[in-house]
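Here is the structure we will look at, set down as structure tokens.
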There are 2 protein chains.
Amino acid sequence: MSAASTPETSATSSRRDQLLAIAAQLFAEKGFKNTTVRDIADAAGILSGSLYHHFDSKESMVDEILSTFQEGLFAQYDEILASADDARTKLERAVRVSFEAIHQHPHEVAIYQNEADYLGTFDRFGYLADRNTQSRQVWVTLIEEGVRTGVLRSDLDVTLTYRFIRDTVWVAVRWYRPPTPGSGGHTHTDVADQYVRILLDGISATGGRGGRSATVTRPRNPKASRT
Amino acid sequence: MSAASTPETSATSSRRDQLLAIAAQLFAEKGFKNTTVRDIADAAGILSGSLYHHFDSKESMVDEILSTFQEGLFAQYDEILASADDARTKLERAVRVSFEAIHQHPHEVAIYQNEADYLGTFDRFGYLADRNTQSRQVWVTLIEEGVRTGVLRSDLDVTLTYRFIRDTVWVAVRWYRPPTPGSGGHTHTDVADQYVRILLDGISATGGRGGRSATVTRPRNPKASRT
DNA sequence: CACCATACCAAGCAAATGCTTGGTAGGCTG
DNA sequence: CAGCCTACCAAGCATTTGCTTGGTATGGTG
């Protein structure tokens with residue numbers, strides 16, 4: 001029953017990609033287990049059985065969705081880690097890349113956030129735990145470098161700080177929606193800017209919030225949004 | 001699976017409450033839809049049909065779990081809002097109360113975090129949206145009061161800051177586990193302290209992180225933890 | 001003792017769900 | 001035009017799932 005039918009080289013498996021996109025949206029909205037193959041087929045305008053012409057199983061659909069997404073994301077992290085930027089800039093870039101991922105692949109991010117624990121119980125999805133470890137190493141490395149080079153406070157608990165940043169960034173997938181031209185919502189770069197600012201300098205007005213990053217400062221519009 | 005644990009030293013809690021606790025744990029671990037009535041019954045050592053002697057439906061179980069929990073939580077928020085503390089103290093207290101809720105009712109918090117969207121689609125759970133609104137009002141009120149009284153930066157986007165705080169606090173339910181005496185894990189008060197500190201003053205070492213709250217400062221142990 | 005409430009069992013039903021099987025229609029290519 | 005490939009349909013099977021129904025054992029109370 002091994003799939004492996006993906007020609008890899010082909011940039012034209014469009015129907016397959018369409019179906020994956022439809023499935024990703026449904027998985028993100030309703031959860032993996034809570035989405036039936038009939039839901040997916042209905043949304044695609046075909047019968048549920050026809051899905052099995054393209055995919056081995058429902059599992060293999062999430063598998064492909066998640067692994068493809070993560071491949072791209074971690075390539076970007078690796079690029080940042082290998083760069084010559086200082087620690088603060090690297091941290092900012094990592095945050096920005098993450099918000100960009102939320103912007104461009106909201107369904108994939110949501111699925112990972114919501115289903116990683118459950119899926120991780122299957123052998124097939126062992127790589128999710130690996131990716132999680134890898135992600136932690138990226139952030140911890142950046143934080144430790146920041147502390148070592150003096151741009152971050154030396155009294156930080158690294159693990160706790162890691163979780164603070166990770167959670168803060170990724171949970172945004174729950175509410176972030178790309179702004180429609182008229183609606184004055186925040187772009188993902190706007191949100192990233194503000195988050196970096198709060199993260200680095202806090203929300204307090206107390207005394208010196210002096211040396212803040214040059215790239216972070218920017219005006220923002222005062223309109224409110226929902227949720 | 002099997003288990004069928006003995007009634008244990010169940011003190012005063014009624015059988016009904018025991019069953020609710022068991023259900024809450026399973027809902028939190030595996031998700032509501034993903035937990036079957038047979039799962040619950042197995043964990044309780046009875047047959048699935050017997051659950052219907054105590055409850056109308058699976059839905060009514062989550063309903064009771066969530067509404068009971070929220071009642072207690074929001075009573076605490078109301079108390080804080082009504083207090084005479086200054087804005088900064090109120091904010092800190094609200095954060096602390098939330099971490100305490102994570103400590104004492106981890107399953108309930110997890111269920112709300114994971115299932116609110118899905119459950120909210122049923123009429124029966126309309127109150128979840130109300131509670132969400134209420135929660136936002138609590139935080140926004142505190143933030144605006146902070147800005148007005150000058151303890152918080154005046155250039156904050158209130159809505160974004162609200163989401164930052166809300167997410168940062170509640171997502172901790174995903175990784176927080178009460179520390180076992182020997183392991184140097186963080187207590188929920190420890191975690192709350194550090195989170196408040198980062199939130200207010202940021203992680204940056206730049207210049208003055210001077211006027212930090214008196215109640216926040218406390219020594220922390222340097223031991224690492226997992227995940 | 002009669003009565004009854006509590007807590008459960010035993011069996012099963014109807015619907016939902018993942019997946020299978022055998023077949024069809026259209027397009028491309030040698 | 002024969003052969004083959006892609007994309008799908010039609011029908012259904014086995015299992016899972018929420019819930020129902022009728023019955024049993026135990027303990028308390030008037």
Side-chain angles (χ1 to χ4, degrees), chain A residues 1-24 26-27 29-65 115 118-119 121-122 124-125, chain B residues 1-8 10-24 26-27 29-65 115 118-119 121-125:
Chain A
M1 292 298 193
S2 64
S5 56
T6 9
E8 295 292 327
T9 57
S10 76
T12 43
S13 63
S14 78
R15 186 52 172 156
R16 190 187 165 84
D17 289 343
Q18 284 179 34
L19 295 175
L20 276 184
I22 289 169
L26 289 171
F27 290 156
E29 282 171 4
K30 317 181 18 170
F32 173 69
K33 186 95 185 231
N34 210 355
T35 301
T36 72
V37 292
R38 283 170 182 81
D39 288 337
I40 302 170
D42 283 355
I46 59 178
L47 291 185
S48 68
S50 305
L51 284 175
Y52 292 83
H53 168 71
H54 300 274
F55 306 98
D56 283 341
S57 64
K58 202 175 85 165
E59 269 186 19
S60 75
M61 292 190 222
V62 238
D63 195 338
E64 194 166 333
I65 290 167
E115 318 285 348
Y118 168 68
L119 294 176
T121 63
F122 299 92
R124 164 172 209 167
F125 293 96
Chain B
M1 299 308 167
S2 52
S5 55
T6 55
E8 303 182 8
S10 55
T12 25
S13 70
S14 68
R15 184 59 170 149
R16 186 188 168 84
D17 290 341
Q18 285 180 30
L19 295 175
L20 276 184
I22 289 169
L26 289 172
F27 290 157
E29 283 171 4
K30 316 179 22 169
F32 173 70
K33 185 95 186 228
N34 210 355
T35 300
T36 71
V37 292
R38 284 170 181 79
D39 288 336
I40 302 170
D42 283 355
I46 60 178
L47 291 184
S48 69
S50 305
L51 284 175
Y52 292 83
H53 168 70
H54 301 273
F55 306 98
D56 283 341
S57 64
K58 202 175 85 164
E59 269 187 19
S60 74
M61 293 189 222
V62 238
D63 195 339
E64 195 166 332
I65 290 168
E115 317 286 347
Y118 168 68
L119 293 176
T121 62
F122 299 92
D123 287 347
R124 165 171 210 168
F125 293 95

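Naming convention: chains lettered A, B, ... in sequence-line order (proteins, then strands); numbering from 1 in each chain.
As rounded to whole Å, 12 Å separates atom P of C:dG18 from atom CZ of A:F122. Across the protein-nucleic acid pair, A:L47 atom CG and C:dT20 atom P stand 16 Å apart, rounded to whole Å. C:dC19 atom P lies 7 Å from atom CD of A:E59, rounded to whole Å. If you take CZ of B:F55 and P of D:dT20, they are 15 Å apart, rounded to a whole angstrom. Atoms CD1 (A:I46) and P (C:dA25) sit 18 Å apart, rounded to a whole Å. Atom CG in B:L26 sits about 15 Å away from atom C1' in D:dT17, given to the nearest Å. Rounded to whole Å, the distance from CZ on B:R38 to P on C:dA10 is 14 Å. The CD1 atom of A:I22 sits 10 Å away from the P atom of D:dC8 (whole-angstrom rounding).
Under 4.0 angstrom from either OP1 or OP2 of C:dA7 there lies no side-chain N or O belonging to B:S50. Between B:Y52 and the phosphate of D:dC19, there is a side-chain N or O to OP1/OP2 separation shorter than 4.0 Å. At C:dC8, one or more side-chain N or O atoms of B:R15 fall inside 4.0 Å of OP1 or OP2 (strictly under the cut-off). Applying the 4.0 Å criterion to OP1 and OP2 of C:dC8, one finds that B:H54 has a side-chain N or O inside that range.
Distances from the side chain of B:H53 to the nucleotides C:dA7, D:dC19, C:dC19 place C:dA7 closest. Here the side chain of A:V37 is nearest to one of D:dT17, D:dC8, C:dG18, namely C:dG18.
Within the 4.5 Å cutoff, the side chain of A:L19 has no heavy atoms near those of the A:I40 side chain. Counting only heavy atoms from C-beta outward, the side chains of A:D39 and A:K30 approach each other to under 4.5 Å. Side-chain contact between A:Y118 and A:K33 is present, with at least one heavy-atom pair separated by less than 4.5 Å.
Contact between B:L119 and B:F125 at its shortest, heavy atoms only, is O-CB, 3.3 Å. Pairing each heavy atom of B:K58 with each of B:Y52, the nearest pair is N-OH, 4.4 Å.
Heavy atoms of B:S57 sit under 4.0 angstrom from primed sugar atoms or phosphate atoms, though from no base atom.
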